[in-house]
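Some notes on the structure that comes next.
Note that these values count all heavy atoms, side chains included, but never hydrogens, waters or copies made by symmetry. So that the names make sense, note that chain A is the first sequence line, chain B the second, and so on, each numbered from 1.
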There are 2 protein chains.
Amino acid sequence: MGPGYGNGQGRGRGRGRRWGQQLENHGIRPTAGRELVFSVMRETEAHLSADDVFQEVRKIEPGIGLTTVYRSLELLYQNGLVNKFDFGDGRAVFELSDRYSEKGPHQHLICRSCGKILDLTGFRAEEKSFAEGMKNHVDKEYGFAAEGMAIKIYGLCSDCRKE
Amino acid sequence: MGPGYGNGQGRGRGRGRRWGQQLENHGIRPTAGRELVFSVMRETEAHLSADDVFQEVRKIEPGIGLTTVYRSLELLYQNGLVNKFDFGDGRAVFELSDRYSEKGPHQHLICRSCGKILDLTGFRAEEKSFAEGMKNHVDKEYGFAAEGMAIKIYGLCSDCRKE
DNA sequence: TTCACTGCAAAGAATTTGCATTGCC
DNA sequence: GGCAATGCAAATTCTTTGCAGTGAA
């Protein structure tokens, strides 16, 4: 597979190149596949499964295999560029790490009845100070270097609540 | 796994009967298998995989099948009696819901390097007020009835940090 | 040339499902 | 008797791995 993916497709050529430097900053050699996976993650706010990412990547560069997508996502996850979740349906979903996302820190509301997942925003200030306190606490007490925090709230969504 | 699982204070299946009423309160018909699964969950503070629970249940009642354990855990989860997590290794782990646990609310520290999971306590007061605020917020903004909250903190544990 | 990266197909695991049987109300 | 629960084994699904080809430094 050669360079030149992204020609005329998607958001324009060179789509993934923009992020090559960012990958290198994390010690990740910026290959075509990795840049594409990362660019897909950077350009969505949604929670994507490995296969979702694969489908997106394919539209731009059909030669990329599912295995590469899995390996790239794992690499990005290990380096803290994306988050990895399992919301209970047996498959992992990924989203861009808070630190790179314009969406910023947010929480997830998970309905235990219908399984729906909502993004919760608008609680930034409180979360921020809470997170700061938490970070200091785990550093002091456990020597743990906190990098990110994920909050899930379980319960019933408004629809299921009515029943 | 906690000691004393076997047939501890024995009485065979009577063991689980203690929680039968609790299951009924949730509309769950208290069968032998379900009571056993729930009693195993009630008597440990650990994070158990479906197979872990199966092994424990087996010690008491060898006739119970893995399928029943899966189905029971799912039922308990759907009814909010246990939490279900995936810490990234591809299998689900369960723990007793905060509301039934003596351990009370707690958080999880997950090392992204070695995968180790630590239980974090000692942050109760702060978490409690944070959780309260959060509950009100999601109720007002999303009509979401929050029942539980799970906080995961990602980063490097003290061991991996040294490297 | 060297070595990491990749694609493909096979392997591996965890979880779910089909179906006949069992057991409680 | 009727219906939900269960056990067993097969089936599904998601994810990882083995291996040889390919490309970049």
- Quickly work out the A/E61 CD to D/dT22 C1' distance and round it to whole Å. 14 Å
- Separation of atom CZ in B/R58 from atom P in D/dG7, rounded to whole Å: 10 Å
- Query: Atom CD of A/E74 to atom C1' of C/dA4: distance rounded to whole Å?
  - Reply: 18 Å
- Task: Could you say whether B/R29 or B/R91 is positioned toward the 5' end of DNA chain C, judged by the nucleotide with the nearest heavy atom to each?
- Result: B/R91
- Please give, in whole Å, the distance from C/dC5 P to A/L23 CG? 12 Å
- Message: Between B/L156 and A/M149, is there shared hydrophobic-cluster membership here, with clusters defined by ILVMFWY side-chain heavy atoms closer than 4.5 Å?
- Response: no
- Item | Length of the line joining B/F54:CZ and C/dT16:P, which is rounded to integer Å | 15 Å
- Item | Between D/dA4 (P) and B/R34 (CZ): distance, integer Å | 11 Å
- Item | DNA chain C contacts made by residues 64-72 of chain B, counting heavy atoms under 4.0 Å | B/T67, B/Y70, B/R71
- Task: Look at B/T31 and C/dG23 and indicate whether a side-chain polar atom (N or O) is within less than 4.0 Å of OP1 or OP2.
- Result: no
- Message: Can you tell me how the ring of B/H108 sits relative to the ring of B/H47, calling it parallel under 30°, perpendicular over 60° and tilted otherwise?
- Response: perpendicular
- Query: Is the side chain of A/D52 donor-acceptor paired with the backbone N or O of A/S49 at a distance under 3.5 Å, no angle test?
  - Reply: yes
- Message: Against A/K59, only a single residue in A/E56, A/E61, A/Q55 fulfils side-chain hydrogen bond (donor to acceptor under 3.5 Å, both in side chains); can you say which?
- Response: A/E56
- With sequence neighbours excluded, tell me which residues meet salt bridge (charged side-chain N to carboxylate O under 4.0 Å, His left out) with B/R71. none
- Task: Report yes or no: does A/S101 contribute a side-chain atom to a donor-acceptor pair with the main-chain N or O of A/D98 at less than 3.5 Å?
- Result: no
- Task: Could you state the atom-to-atom distance from CD of A/Q78 to P of D/dT16 in whole Å?
- Result: 10 Å
- Message: Just the rounded figure in Å: distance from P of D/dA4 to CG of B/L75.
- Response: 14 Å
